[in-house]
Protein chains: 2
Amino acid sequence: MAEDHVGPAGIVLSASIARRYYLDGRSKVEIADEFGLSRFKVARLLDAARRSGLVRIEIRHEGGIDVDLSVRLRDRYGLQHAVVVDTPDDDDASLRGHLGRAAAGLLAEVVTPDDVLGLAWARAVSAMAEALPPLPGTPVVQLTGVLSVPGGPDTSVDVVRGVARASGGTAYVFYAPFTVPDAATAAALRRQPEVARAFAQLPHVTRAVAGVGLWAPGQSTLYDAVSEEDRAALDRLGVVADVSGVFLSADGEPVATGLADRMIGIGAEQLRQIPEVLVLPYGTAKAPAVRAALRSGLVGGIVTHTALAHAVLGD
Amino acid sequence: MAEDHVGPAGIVLSASIARRYYLDGRSKVEIADEFGLSRFKVARLLDAARRSGLVRIEIRHEGGIDVDLSVRLRDRYGLQHAVVVDTPDDDDASLRGHLGRAAAGLLAEVVTPDDVLGLAWARAVSAMAEALPPLPGTPVVQLTGVLSVPGGPDTSVDVVRGVARASGGTAYVFYAPFTVPDAATAAALRRQPEVARAFAQLPHVTRAVAGVGLWAPGQSTLYDAVSEEDRAALDRLGVVADVSGVFLSADGEPVATGLADRMIGIGAEQLRQIPEVLVLPYGTAKAPAVRAALRSGLVGGIVTHTALAHAVLGD
DNA sequence: CCGCGCGGTGCTCAGATGAGCAGCAGGAGG
DNA sequence: CCTCCTGCTGCTCATCTGAGCACCGCGCGG
């Protein structure tokens, strides 16, 4: 590791060789002939130029995607896809817009006509739907019942319909609430033809898109929608996150809850059967929930923003 | 040249492949195996990443040398060596210091024990002498007589002595003025044993260092030293620059002058025989003189600073 | 004086690489 | 329906490239 002492002439020589090689794309043999050196000498000078920092290679994308964070996130959690959008901490709505557009791009890129798309309800999924370009005839399946958000945007039905319109494929939708007061009602609803038809598609779903909720006030539309007793009960069970209505503990294990019997939506086992579930979390507060979701093995892809990615990776 | 449309997934994939290839140094075959692609696909993705600017290679030196300008200057004028010191426009003294150190480094790098070094008088040459590390026993020859600069630094004799001390080689010096009032006196001086001994070395000199003067007030110690008549006469002859007392026109041709007969120093023909003459000009005003010097073919190397290099290259 | 070690150089040869080409799938148009 | 066209893929083969090795000249110490 001794500091090689090269003077100005060596630096200028190395620089012009490096220019020819890296920027002009000449071969080392050509360069050796041109400068009257052996190709080995050229190779050694180029090596030294790399090591000394004279030649600097950087991989960076000018277009709102932090590729380094994306790759680290993907590799750390063994994901199929990770996209980290490079946005300053905007308000949630702007963040959702950026994530939605990136997720739409990702989806358009990976979806094939043989795919069957499942959509959970989340505001970021809604934002994605708005930005989605035409897809090649993919059927779209609704994964969760309708959550009434006063003054909120489209319902899960609207989103599924919209995406199916963009894709030209069949929309498997149903009008049922996400949560109902008792298990019997839920069971009855599940037997309704519309619901059963959608649920019958679940084993065929190859890609799903969902949000990630942190089990805390204001961090999960589901949390905000259920009763005080349910919140407390799930807290006691160690629920940290919810993905498409599937509850997870901090270490990513699905948590069986009584609430699940009173919900109309995809279950943990069915979710696990989906080859790639894409989640679109945002807001640094959700870091623990995102970690749980990524550890669970249920999730195959993520689209998020810089701050949350840093928080999840712990730096 | 169509804009390849790649989505976020493609960008992230390309980025992680590029990272493995360019930063981790894996081979394309290894990467292909790792990602389950053909090596051709990997090569094409890497090509696309280069073209799209996802992978950026830059050649830059963090150490006061502008390698790009250096290479351009060298290639433009077919020089053996060019070093452009990246300095903000300081005062002349600071500029001379930077140039002197760079020139000292360059000289130390290229000088061999078989070289014979010639030194013209210039303040930048003096600065170089002060920064010179030990050289391997090179003889040092004085190329020009002594110019008395009131309150100035070392004379040419001092500089040659100093460099010879650093090199451990013989110092060929002589005490004679650079200019004398008449040709007869000059001829007599040249016959002096000391002077003749130094001049006899001129054919053996392999490397010389000189300044560049612009034939204008304050831009050449020689201009400032000679009489009003000489100034005017040389102006009429189209003299633009002087290098070690050799006068050049704008197109780089040596100009024969009456003044030359009254000077004790190296002549144009002898200068041309020296394999590499290194010049150390500074100050943007000197750009025309530097162009003349470089065009003349007398000069084989240059050490200068960013602003003057830009001015010389015309950008 | 010789032998030794060391930094620097260029060689060998196997493996990596690129240019060009053929095959194939998908879409447009007859 | 067929045929052409286009874009993409992976192949062949000649060339390029890197790891390791042998050599050479130099300086040092015996």
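To find a chain, count down the sequence lines: A is the first, B the second, and so on, and within it residues start at 1.
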Open item on the list: Taking side chain to side chain donor-acceptor pair (under 3.5 Å) as the definition, give me every residue that meets it alongside A:Arg60, ordered by chain and number, with sequence neighbours left out.
Closed with: A:Glu58, A:Glu62

Task: Non-neighbouring partners of A:Ala164 that pass side-chain contact (heavy atoms from CB on, under 4.5 Å), sequence neighbours left out - done: A:Val140, A:Ala171

Task: Where protein sits on nucleotides 12-21 of chain C, one letter per nucleotide: B base, S sugar-phosphate only, - none, heavy atoms under 4.0 Å - done: BB--SBBB--

Open item on the list: Going by side-chain contact (heavy atoms from CB on, under 4.5 Å), name the residues that satisfy it together with B:Leu13, two or more places apart in sequence or in a different chain.
Closed with: B:Ile17, B:Phe35, B:Leu45

TODO: Using the test side chain to side chain donor-acceptor pair (under 3.5 Å), find all partners of A:Ser16 that sit at least two apart in sequence or belong to another chain.
DONE: B:Arg74

Task: Worked check of salt bridge (Lys or Arg N to Asp or Glu O under 4.0 Å) between B:Arg72 and B:Asp66 - done: CA-CA 10 Å; B:Arg72 283 171 58 205; B:Asp66 188 322; over 6 Å; no

Open item on the list: Going by the rule side-chain contact (heavy atoms from CB on, under 4.5 Å), which residues pair with B:Glu34 if we only count those two or more places apart in sequence or in a different chain?
Closed with: B:Arg20

Task: Outermost nucleotides of DNA chain D that come under 4.0 Å of a non-hydrogen atom of chain B - done: D:dT9 to D:dC13

Enumerate donor-acceptor pairs with a distance under 3.5 Å from any side-chain N or O in residues 198-210 of chain A to protein atoms, sequence neighbours excluded.
unit_1	atom_1	unit_2	atom_2	d
A:Thr206	OG1	A:Asp115	OD1	2.6
A:Thr206	OG1	A:Val116	N	2.9
A:Thr206	OG1	A:Val116	O	3.2
A:Arg207	NE	A:Asp115	OD2	3.0
A:Arg207	NH1	A:Glu276	OE1	2.8

Task: For atom CG of A:Asp33 and atom P of C:dG10, their distance in whole Å - done: 13 Å

Task: Contacts of type side-chain contact (heavy atoms from CB on, under 4.5 Å), residue A:Thr144, not counting sequence neighbours - done: A:Ala120, A:Trp121, A:Ser156, A:Phe178, A:Ser244

